[in-house]
Amino acid sequence: SKADGRGKLKVFEPDMLLARQMRNQMVGELKEAIAGSQLVLYYQPIIRLDTREIEGVEALVRWNHPTRGIIMPDEFIPIAEETGMISDLGGWVLRTAVEQLKKWRSDPLTAGHDFSMRINVSAADLQRLEFIEDVREALASAGLDPSLLVLELTESAVIQGNDLDRYTLNSLRRLGVGLEIDDFGTGYSSISYLRQLPVDTVKVDRTLLSALGSDPAQPALLAAVLQLIRACGLAAVWEGIESAEQADYLLSIGCTSGQGYYFSRPLPEPQLTEQLKHYKTW
Ligand code: C2E
Ligand code: CA
Ligand code: CA
Ligand code: CA
């Protein structure tokens, strides 16, 4: 029966044991993946909505698991964060992305495009003083101007942040890299923080755009969000653009940059390189 505590235990315990075993196995495998070469970066173009030129790419990590195939970041980034492996993972992402941008900028077949590299930075990175040095070193060894790198930080990470976070952000700012608030509009949004944080751009979460077309209030809301961001002296990037209608609407309210499946899914490096070689616009 339901009230039978012992009956419940019998059903529940093996499940928990299994879950724990699977997690332990994953932790071990992820460690190997970071040390070996099982991580891979996909790149999603960020597009200038008026000219349809590429103005940036966002590096998105995947785990190419030897038996399971491609594993998406939502499945392993939280584990990397909980186990402290995120700084090794983040270091690899940083160096790989910056080196890749250098390759695109120095290959005559792709150098005609002028775009920045954007990487996702974990809250834990802002807690490490060495992170500032890692960023400086990666840029210096690739010989890239710091303004070509934009760090995407989640709203919750910067807003719940402490003094060390603030120190790190200001140091990165002085270094000349771009700082962007990611996932804007998903819960922690506060106008005063937008004014206080040393950031240049705000990426609006795709949930705001996905309601366009179904919710009659949404067009006015999106326009208001854009005005709010601009009033704070910041630039807006829209993510999750999946249709021509969405792209057109954003352009009509004066939004100039965005990304989404409508333009391109995140692509493995060889595929994006081919596109860069053959197409001027998206
Ligand atoms: P995010 O930074 O918000 O990245 C955007 C996510 O939306 C990506 O999922 C991307 O593939 C997806 N996306 C892009 N365009 C569209 C669209 O038009 N429609 C829909 N439905 N989705 C779209 P992905 O690659 O699975 O990444 C998930 C999250 O994992 C990222 O969210 C980011 O928070 C995290 N992540 C990815 N790579 C890294 C990394 O290198 N380091 C860290 N710390 N986190 C990462
Ligand atoms: Ca992002
Ligand atoms: Ca986002
Ligand atoms: Ca996200």
Side-chain angles (χ1 to χ4, degrees), residues 30 33-34 38-47 49 56-64 70-101 116-128 131 134-135 138 149-158 178-189 199 201-213 225 229 236-247 249-250 257-269 271-272 282:
L30 183 56
I34 297 169
Q38 294 173 26
L39 296 181
V40 58
L41 289 183
Y42 278 41
Y43 299 95
Q44 186 178 35
I46 294 162
I47 304 298
L49 299 179
V57 290
E58 178 175 4
L60 294 157
V61 71
R62 275 96 180 88
W63 174 3
N64 194 359
I70 296 283
I71 303 178
M72 299 303 278
D74 287 337
E75 216 183 310
F76 63 90
I77 292 282
I79 294 177
E81 285 176 335
E82 286 158 27
T83 54
M85 290 189 269
I86 192 69
S87 50
D88 286 341
L89 187 152
W92 179 86
V93 168
L94 170 71
R95 291 187 301 275
T96 306
V98 163
E99 279 304 321
Q100 184 56 52
L101 184 62
S116 59
M117 176 60 70
R118 290 150 187 267
I119 63 172
N120 293 285
V121 169
S122 158
D125 285 319
L126 299 181
Q127 290 292 309
R128 295 191 305 122
F131 182 65
D134 290 353
V135 170
L149 180 68
V150 177
L151 306 178
E152 300 192 356
L153 314 145
T154 59
E155 240 186 314
S156 51
V158 283
L179 299 177
E180 176 175 281
I181 294 184
D182 201 354
D183 297 348
F184 180 73
T186 50
Y188 291 91
S189 317
V199 299
T201 51
V202 171
K203 191 182 281 184
V204 183
D205 195 72
R206 68 167 177 271
T207 50
L208 270 87
L209 197 52
S210 60
L212 191 71
V225 168
I229 294 169
V237 180
W238 294 73
E239 73 176 9
I241 302 175
E242 293 184 350
S243 69
E245 290 71 31
Q246 291 173 339
Y249 178 71
L250 288 174
S257 63
Q259 70 191 105
Y261 296 165
Y262 173 61
F263 297 112
S264 172
R265 292 194 170 250
L267 300 173
E269 177 275 315
Q271 275 188 44
L272 182 56
W282 264 255

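We're numbering straight along the sequence, starting at 1. In listed order, ligands and their atoms are each counted from 1.
Against a heavy-atom cut-off of under 4.0 Å, Asp183 is close to the following atoms of ligand 1: 3 (O). Listed by number with element, the atoms of ligand 1 under 4.0 angstrom from any heavy atom of Val93 are 41 (O). Taking a cut-off of under 4.0 Å to the non-hydrogen atoms of Gly260, the atoms of ligand 1 that pass are 15 (N), 18 (O). In the vicinity of Val61, heavy-atom distances shorter than 4.0 Å reach the ligand 1 atoms 38 (N), 39 (C), 40 (C), 41 (O). Less than 4.0 angstrom separates some heavy atom of Ile241 from each of these atoms of ligand 1: 18 (O).
Heavy atoms of Glu239 found under 4.0 angstrom from ligand 1 belong exclusively to the side chain. No part of Leu41 comes within 4.0 Å of ligand 1, judged by heavy-atom distances.
Considering both main-chain and side-chain atoms, Gln259 never comes within under 3.5 Å of ligand 1 through any nitrogen or oxygen pair. Between Met72 and ligand 1, not a single N/O pair is under 3.5 Å apart. Of the N or O atoms in Glu81, none lie within a sub-3.5 Å distance of an N or O in ligand 1.
Selection from Gln44, Glu152, Arg118, Arg62 by nearest heavy atom to atom 25 (O) of ligand 1 gives Arg62. Among Trp238, Phe263, Tyr262, Tyr261, the residue whose heavy atom sits closest to atom 13 (N) of ligand 1 is Tyr261. Nearest-heavy-atom check against atom 28 (C) of ligand 1 across Asp74, Leu39, Leu60, Asp205 picks out Asp74.
The shortest separation from a heavy atom of Lys203 to ligand 1 is not under 4.0 Å, leaving the residue out of contact. At least one heavy atom of Glu58 sits less than 4.0 Å from an atom of ligand 1. Every heavy atom of Gly90 sits 4.0 Å or more from the atoms of ligand 1.
Listed here is the closest heavy atom pair of Ala97 and Ile119: CB-CG2, 3.7 Å. Contact detail for Leu41 and Val93: the closest heavy-atom pair is CD1-O, 3.9 Å. Of all the heavy atoms in Ile241 and Gly258, the pair that sits closest is CD1-CA, 3.8 Å. The shortest heavy-atom contact between Ser116 and Val150 is OG-CG2, 4.2 Å. Minimum heavy-atom separation, Gly240 to Leu209: O-CD2, 3.8 Å.
With values rounded to the nearest 0.5 angstrom, Arg206 atom CZ is found 6.0 Å from Tyr261 atom OH. Here the CG-CG distance, from Asp182 to Asp205, works out to 7.5 Å after rounding to the nearest 0.5 Å. Once rounded to the nearest 0.5 Å, the distance linking CD of Glu152 with CD1 of Ile181 reads 11.5 Å. Here Ile79 contributes atom CD1 and Asp74 contributes atom CG; the two are 11.5 Å apart, rounded to the nearest 0.5 Å. Here the straight-line distance linking atom CG of Leu149 with atom CG of Leu94 works out to 6.5 Å at 0.5 Å rounding.
Here Asp205 does not reach the Ca ion (ligand 3): none of its N/O/S atoms is less than 3.0 Å from the metal. Within the coordination shell of the Ca ion (ligand 2), defined by N, O or S atoms under 3.0 Å, Asn120 is present.
Among heteroatoms of the N, O or S kind in Asp183, OD1 lies nearest the Ca ion (ligand 3). Nearest N, O or S atom of Glu152 to the Ca ion (ligand 2): atom OE1. Shortest distance from the Ca ion (ligand 2) to Glu58 is reached at OE2 (N/O/S atoms only).
A salt bridge (Lys or Arg N to Asp or Glu O under 4.0 Å) with Glu58 is found for one member of Lys203, Arg265, Arg118 and no other, namely Lys203. Each of Leu60, Val61, Val57 was checked for a side-chain contact (heavy atoms from CB on, under 4.5 Å) with Pro266, and the lone residue meeting it is Leu60.
Rounded to 10°, the angle formed at the Ca ion (ligand 3) by OD1 of Asp182 and OE1 of Glu239 is 110°.
Remark: Glu99 pairs with no residue by the salt bridge (Lys or Arg N to Asp or Glu O under 4.0 Å) rule, at least two apart or across chains.
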